[in-house]
Amino acid sequence: MVSTLAHEQPQHDAPHAAPPAGVGAHAGRDVTHDVTNQAPPLAPYDASADPALLEGLRREGAGWAEDGVRRLGALAGGAEAQEWAELANRHEPELRTHDRYGNRVDEVDFHPSWHQLMGTAVAEGLAGSPWADERPGAHVARSAGGLVWGHTDAGHGCPTSMTYAAIPALRHQPELAEVYEPLLAGREYDPGLRVPTEKRGLLAGMGMTEKQGGSDVRTNTTVATPTAEPGVYTLRGHKWFTSAPMCDVFLVLAQAPDGLSCFLVPRVLPDGSRNTFRIQRLKEKLGNRSNASSEPEFDGTVAWLVGPEGQGVKTIIDMVNCTRLDCVMMSAALMRKTLVEAGHHARHRSAFGARLLDQPLMRNVLADLALESEAATTLTLRLAGAADRAVRGDAGERTFRRIATAVGKYWVTKRGPAFTAEALECLGGNGYVEESGMPRHYREAPLLSIWEGSGNVNALDVLRALGREPGAADALFAELDLARGADARLDAAVSRLRSGLAGASPSGARRLVELMALALQGSLLVRYAPPAVADAFCATRLGGDWGYAFGTLPDAADLDAILERALPDGQ
C-alpha cells in the first residue's frame, strides 16, 4: 500500500540488518505497541494567543475587552471545553415528537456537553448582549469572543448567532422588541420550552428556507392569515431548513395578503399552551452535527407581524447582515483552529531527520496558511468594527458595512474548505482519523459558504449593492485608498478593480468580488500587519507570484517572521 504520508516516509533499513538488541522470539510482547514520534495532546492551549486577533481587537475600539477575550481563549483551549465539543458532536441531538402518553411535544434532546457550550457562550456575551451594551466596541468584543470560542464547536454558534441577529429585525416592531429584547440580550442560558416572558433568557431562530425556494425566499408558499386581533396571524406551511428548533422564538417569512412579510413565532404561547410547530424530522447533515436542523410544519401556528406587511425581506435583511458577519467570523475561527492544530503537529513530529516544522517545504505550507488566517481574522474584526460604528449612527460605516460584509462573506467562507483540507494534510494520516478532530473541522468548512446565501447569492448581492446603494463603491474605495502608495502591487490591484467595475456583469461577479476581497485584505494588512506578512500577501494574492495551492510562497518570503508571529511557542 502506498503511504499517505509522503512527507513522512521513513528511510528503509538495509536488507539484512541485525535486529535491535533484545528483540527475539521471547522479547517483551508489548514492544509493537510502543508509540513514538507522535505529537502530545494540544489542549490545554490559549486560543487567544494570536497577535492579529488582539491587535485588531484594540484597533477596532474594544481594547477594554482584552482581559475577557484572553480568559475565554484559555477556557476554549482547555481540555474540558475541547471535550465538550467532541462529546456534543459524538452524541448528536435526538428528536422526540411525542411523549410517552402520545401527546405531541416536538422537542429535541441534547447531550449535556451542548448545554455547557451554550451556557458559556451566552454568559460570555456571544448571543444578544452587545445590543444592551452601550460601550463603543461591544460588537467587536463579541466577534473577538467568537473567534476564540470558535475553537470549540461550531454547531452551537448557530443559535447564538441567530439570537444576536434577531434583535435589529425585531426592532421593526417596537412593542414586540420591548417585550422580548431584554431577554434576548441577556446573559442567562435558560433551556426548555416555557412561556417566554417567564424565562430568565431567550434564544431566537429564523425560518425562511422552503423546498421550492431556497435562497429565493420570495417564492415562499407559507401563508399568513390575519385574525381578528390586530397584528396577529396564523401560519400554514412547511419550512425545509430551520436550525435550532429548541429556540424560544423564531422570525419567519410568510405570504400575507399584501405580500411576503416577517413574523415572530413563539414555541410557547402566552397562555402556556404549545404553539403548533411540528418537527417532521432532523436533517442528516455533512457537518454541524451537534446542532439540530429541522423541518417544521406550521398549521394554525400563531404569529405576530414584525414590520409592515409586504416588507418581509426588508425587515429580515437586518438579521441576515448580522449572520453573514458571523459566517465570516466562524470561517476565520476555523482557519485559526486548524492552523494551530497543524503547527502543533509539525512542531512535535519528525521526518527525514528533522522536525516537520524545520523542513523548508512544510514551513512554506504553514506560512502560507498563516497569511490566509491573518487576512481572514483582520477582515473579520474590521467588519465587526464597521457594524459597531454603524449601530452607533456612523452613516459612512453603515454603507461600508453593507458592501464589505457581503464581499467578506463570499471570499473568506470560500477559502475555508481549501484551507482546512491543507491543514488536515499537514497531519497526514493522523489528521484523517476521526479522533484527531480534523475531519469534523473539514466537514464544517463548506457550511459557512452555504448558509446566509451561497457564493453566487453573495456575489450577486455585491453587484446589487453597487447598483442600488448610493455611495457603496465610494465607501469601498475610500477604505482601499487609506493604503494608497504603500505597496505597488496593491495599487495596481485597486486600479484593476476600478476598471472592472465599469463592465461588471452577473457572469463575472465572482471574479470581481474576489478581487474586491483580496484588495480589501491587502489594504488592511499593508496598514496594520508586520512588513513580512503584508509583503508576502501582496506578492502572492495580488502580485501573482504564487501557485495554485497553499505552500507556494516565493523564495523571497520571510517564512521565519511569518511563522514566529502565527505560531507562538506553546502551540
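Everything quoted here is computed from the prediction, not taken from an experiment.
For Ala144, the side-chain contact (heavy atoms from CB on, under 4.5 Å) partners at least two apart in sequence or on another chain are Leu53, Leu57, Val69, Leu381. With sequence neighbours excluded, the residues that form a side chain to side chain donor-acceptor pair (under 3.5 Å) with Ser161 are Asp326. Under the rule for a ring pair (Phe, Tyr, Trp, His ring centres under 6.0 Å), Tyr528 has no partner lying at least two apart in sequence or in another chain. Shown here are the side-chain contact (heavy atoms from CB on, under 4.5 Å) partners of Ala85, two or more places apart in sequence or in another chain: Thr152, Asp153, Arg440. Not counting sequence neighbours, the partners of Asp461 by the side chain to side chain donor-acceptor pair (under 3.5 Å) test are Arg324, Arg402, Arg464. With sequence neighbours excluded, no residue forms a side-chain contact (heavy atoms from CB on, under 4.5 Å) with Ala478. For Arg565, the side chain to side chain donor-acceptor pair (under 3.5 Å) partners are Glu55, Glu374, not counting sequence neighbours. Remark: Leu424 pairs with Tyr432, Met438, Tyr442 by the side-chain contact (heavy atoms from CB on, under 4.5 Å) rule, at least two apart or across chains.
Atom CE of Met319 sits about 5.0 Å away from atom CG of Leu251, to the nearest 0.5 Å. If you take CD on Gln38 and NE2 on His345, they are separated by 7.0 Å, rounding to the nearest 0.5 Å. In this structure, the separation between CG on Leu339 and OG1 on Thr420 is 12.0 Å, given to the nearest 0.5 Å. Atom SG of Cys322 sits about 13.0 Å away from atom CE of Met162, to the nearest 0.5 Å.
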Glu434 and Arg443: CA distance, side-chain angles, deciding distance, salt bridge (charged side-chain N to carboxylate O under 4.0 Å, His left out) verdict: CA-CA 11 Å; Glu434 199 67 38; Arg443 292 191 297 269; 2.8 Å; yes
Full working for salt bridge (charged side-chain N to carboxylate O under 4.0 Å, His left out) between Glu124 and Arg71: CA-CA 10 Å; Glu124 294 292 339; Arg71 176 179 47 75; 2.8 Å; yes
Derivation of the side-chain contact (heavy atoms from CB on, under 4.5 Å) call for Trp149 and Thr120: CA-CA 9 Å; Trp149 192 240; Thr120 302; 3.6 Å; yes
Step-by-step salt bridge (charged side-chain N to carboxylate O under 4.0 Å, His left out) determination, Arg289 to Glu444: CA-CA 9 Å; Arg289 299 182 74 89; Glu444 196 71 42; over 6 Å; no
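When atom types are taken as modelled, the side chain of Ser523 and the backbone of Ala519 share no donor-acceptor pair closer than 3.5 angstrom. For the pair Lys199 (side chain) and Leu183 (backbone), a donor-acceptor distance under 3.5 Å is absent. Between the Asp368 side chain and the Gly551 main chain, a donor and an acceptor come within less than 3.5 Å of each other. One N or O on the side chain of Arg142 and one on the backbone of Leu126 form a donor-acceptor pair closer than 3.5 Å. Proximity of a side-chain donor or acceptor of Asp190 to a complementary backbone N or O of Arg200 within less than 3.5 Å is detected. Looking at Ser294, its side chain does come within 3.5 Å of a backbone N or O of Thr242 through a donor-acceptor pair. No side-chain donor-acceptor contact under 3.5 Å links Glu188 to the backbone of Ala123. In terms of modelled atom types and a separation under 3.5 Å, the side chain of Asp487 and the main chain of Leu490 share a donor-acceptor contact. Here the side chain of Thr413 pairs a donor or acceptor atom with the backbone of Lys409 at under 3.5 angstrom. In this structure a side-chain-to-backbone donor-acceptor pair under 3.5 Å is present from Asn458 to Gly453.
Residues Arg349 and Leu427 have side chains not in contact (no heavy-atom distance under 4.5 Å, counting atoms from C-beta outward). A 4.5 Å side-chain heavy-atom check between Met208 and Val320 finds at least one atom pair inside the cut-off. Contact of the Leu518 side chain with the Phe537 side chain is registered, since non-hydrogen atoms from C-beta on lie closer than 4.5 Å. You'll find the side chain of Leu203 reaches within 4.5 Å of the side chain of Tyr189, heavy atoms only. Taking 4.5 Å as the limit, some side-chain heavy atom of Arg363 sits within range of a side-chain heavy atom of Asp560. Contact check for Pro191 versus His115: side-chain heavy atoms found under the 4.5 Å cut-off. Using a 4.5 Å heavy-atom threshold, the side chains of Met362 and Cys426 count as touching. Residues Ile167 and Arg171 form a side-chain contact, since some pair of their non-hydrogen atoms from C-beta on lies under 4.5 Å apart.
For residues 159-180, every residue pair satisfying the ring pair (Phe, Tyr, Trp, His ring centres under 6.0 Å) rule, not counting sequence neighbours, is listed here: Trp131-Tyr164, His139-Tyr164. Residue pairs meeting the ring pair (Phe, Tyr, Trp, His ring centres under 6.0 Å) criterion with at least one member in residues 72-93, sequence neighbours excluded: His91-His111. For residues 525-536, every residue pair satisfying the salt bridge (Lys or Arg N to Asp or Glu O under 4.0 Å) rule, not counting sequence neighbours, is listed here: Glu479-Arg527, Arg489-Asp535.
Counted by atom type alone, His344 and Tyr45 present zero donor-acceptor pairs between their side chains at under 3.5 Å.
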Let me have the donor-acceptor pairs involving side chains of residues 445-452, under 3.5 Å, with sequence neighbours excluded, atom names and distances please.
{"unit_1": "Ser449", "atom_1": "OG", "unit_2": "Lys414", "atom_2": "NZ", "d": "3.3"}
{"unit_1": "Glu452", "atom_1": "OE1", "unit_2": "Thr323", "atom_2": "OG1", "d": "3.2"}

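A 6.0 Å sphere centred on CD of Glu94 holds no more than 12 heavy atoms belonging to other residues, nucleotides or ligands.
Among all heavy-atom pairs drawn from Ala292 and Pro245, the shortest one is O-CD, 3.3 Å. Of all non-hydrogen atoms in Thr399 and Ala475, the two that sit nearest each other are CG2-CB, 3.9 Å. Contact detail for Met118 and Pro159: the closest heavy-atom pair is SD-CG, 3.8 Å. Of all the heavy atoms in Asn291 and Pro93, the pair that sits closest is C-CG, 4.1 Å.
Note: Trp546 and Phe550 have perpendicular aromatic rings, judged against thresholds of 30 and 60 degrees for the angle between ring planes.
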